[in-house]
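In what follows, a single structure is set out as structure tokens and then discussed.
Keep in mind it's a predicted model, so treat the numbers as computed, not measured. In what follows, every heavy atom counts, from backbone to side chain, and hydrogens, waters and symmetry copies are set aside.
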Amino acid sequence: VKKTKLFLHIGHGKTGTSAVQSSLAIASGKLLERGINYPIHPSLRDRSSQLEITSGNWAPNPEVNLTQELLTLANNNQSAPSIILSSESLFWEIPELIENKNGWENHIDLHIILAVREIEEMLSSEYQQRIKRHGDSMPLEQFIRARKFISSHHEKAAEIIDLMSQSGISNTIINYSKHKRDISQIIFKLIGAEDAYPAERMDEVIINRSLSRKELEIMITINKLYYL
């Protein structure tokens, strides 16, 4: 049985995922011409192509396990020999997928693309997310102490790296801290579509940027006033 080549770009969070997903959405037609399917609903493709933040082209389905979902996707994929999925939600599902390797390895040629970030940058980014999305107002020092100086993303990434090594899963690990400006180009090159990268649309674009110090101070003040 001929295997389907499947690239899983899994993040993790705050590693340029939104920009990668916009690049893939914009280039989806050219990718398909090169034998790479980026399956995405037209409405999501349009939003992502307009540089809006989306969840990529995969979302968790509690009624279907990931192994079965990927097998169905591979079996129904008639348009191209390769598929790429991009979603930060995949990051948290990968350990279970690797544990179920016997169920998919005869049908799927898997390559996992994992992006990581320097620990101090990641802790700062996680802190900003708590301020922006969850109404927190604690000082950064208190947040870091509460996390015991450990990023939850780094903990999971370490687990995934160990599992990939033990199970012989093909993978690429990218240090986003060193490749903030070219992570999308790196991924396009990795999947064999370097010339399909939409440079004219994406060069110098920043999506979902970090807050400035002043913006962070304002958000903390607002959270203190309006969140209990």
Side-chain angles (χ1 to χ4, degrees), residues 6-27 31 36 38 48 51 53-58 84-95 98 110-132 140 143-144 147-166 168-213 215-216:
L6 177 61
F7 296 97
L8 294 185
H9 169 234
I10 65 174
H12 53 59
K14 307 309 293 182
T15 56
T17 309
S18 295
V20 172
Q21 291 165 353
S22 287
S23 300
L24 291 168
I26 292 168
L31 290 173
I36 305 165
Y38 182 67
S48 191
L51 310 185
I53 299 171
T54 69
S55 57
N57 67 336
W58 182 86
I84 180 166
L85 299 181
S86 176
S87 172
E88 291 177 5
S89 297
L90 284 166
F91 176 71
W92 307 99
E93 306 290 336
I94 290 300
I98 294 176
L110 180 64
H111 187 95
I112 294 174
I113 305 170
L114 169 65
V116 295
R117 194 169 182 175
E118 300 292 348
I119 183 67
E120 65 275 10
E121 288 186 7
M122 197 63 219
L123 282 169
S124 176
S125 182
E126 288 182 3
Y127 173 67
Q128 288 206 14
Q129 287 294 99
R130 296 298 307 178
I131 302 299
K132 289 194 293 184
L140 175 60
F143 170 82
I144 292 176
R147 291 295 181 94
K148 298 181 180 179
F149 302 90
I150 298 173
S151 157
S152 58
H153 288 81
H154 279 77
E155 279 190 309
K156 181 59 70 172
E159 177 188 353
I160 290 170
I161 291 169
D162 282 345
L163 286 172
M164 291 191 299
S165 176
Q166 294 167 13
I169 301 292
S170 176
N171 68 86
T172 299
I173 302 171
I174 303 170
N175 185 344
Y176 174 72
S177 295
K178 296 181 178 179
H179 293 285
K180 293 178 182 178
R181 293 186 176 275
D182 65 349
I183 186 168
S184 296
Q185 295 97 310
I186 290 172
I187 290 174
F188 270 70
K189 184 176 182 179
L190 177 64
I191 65 175
E194 187 175 10
D195 60 338
Y197 175 71
E200 70 285 352
R201 290 284 306 278
M202 296 304 300
D203 280 359
E204 305 303 324
V205 166
I206 299 176
I207 303 175
N208 197 19
R209 67 173 176 83
S210 299
L211 295 173
S212 67
R213 177 182 290 273
E215 288 170 334
L216 187 62

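- One distance of note links CD of Glu194 with CD1 of Ile186; it measures 10.5 Å at 0.5 Å rounding.
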Return all side-chain donor-acceptor pairs below 3.5 angstrom for residues 155-165, not counting sequence neighbours, or 'none' if the list is empty.
residue: Lys156; atom: NZ; partner: Glu159; partner atom: OE1; Å: 3.0

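- Between Ile94 and Leu8, some side-chain heavy-atom pair lies under the 4.5 Å cut-off.
- Annotation: side chain of Tyr176 is not in contact with side chain of Lys14 (no heavy-atom distance under 4.5 Å).
- The aromatic rings of Tyr197 and Phe188 sit perpendicular to each other, their planes meeting at more than 60°, with 30° as the lower class boundary.
- Classified by interplanar angle (parallel below 30°, tilted 30° to 60°, perpendicular above 60°), the ring pair His154/His12 is tilted.
- The environment of NZ in Lys178 is sparse: at most 12 heavy-atom neighbours from other residues, nucleotides or ligands sit within 6.0 Å.
- Taking both residues in full, the closest heavy atoms of Pro198 and Ala27 are given as CD-CB, 4.1 Å, listed atom of the first, atom of the second, then distance.
- The two residues Ser177 and Arg117 have their closest heavy-atom pair at OG-CG, 3.3 Å.
- Between the OG1 atom of Thr172 and the CD1 atom of Ile174 there is a distance of 6.5 Å, given to the nearest 0.5 Å.
- Using a 4.5 Å cut-off on side-chain heavy atoms (C-beta onward), Ile183 and Val20 make contact.
- In this structure, CD1 in Ile112 is found 12.0 Å from CZ in Phe7, a value given to the nearest 0.5 Å.
- Taking each heavy atom of Ser170 and His111 in turn, the nearest pair found is OG-ND1, 2.6 Å.
- Between the Asn57 side chain and the Ala25 main chain, no donor and acceptor come within less than 3.5 Å of each other.
- Across all their heavy atoms, Leu123 and Phe143 have their closest contact at O-CE2, 3.5 Å.
- For the atom pair CD1 of Ile10 and CG of Asn171, the computed distance is 9.0 Å after rounding to the nearest 0.5 Å.
- To the nearest 0.5 Å, the span separating OH on Tyr38 from CD1 on Ile191 amounts to 10.0 Å.
- Using a 4.5 Å cut-off on side-chain heavy atoms (C-beta onward), Gln128 and Ile131 make no contact.
- Note that CD of Glu118 is 4.5 Å distant from CG of Asn175, once rounded to the nearest 0.5 Å.
- In this structure, His153 and Gly13 approach most closely via the heavy-atom pair CD2-N, 3.7 Å.
- Proximity of Ile53 to Gln21: side-chain heavy atoms (C-beta onward) are nowhere separated by under 4.5 Å.
- Closest non-hydrogen pair, Thr17 versus Ser86, comes out as CG2-OG, 4.2 Å.
- At distances below 3.5 Å, not a single donor-acceptor pair connects side-chain atoms of Ser124 with backbone N or O atoms of Glu120.
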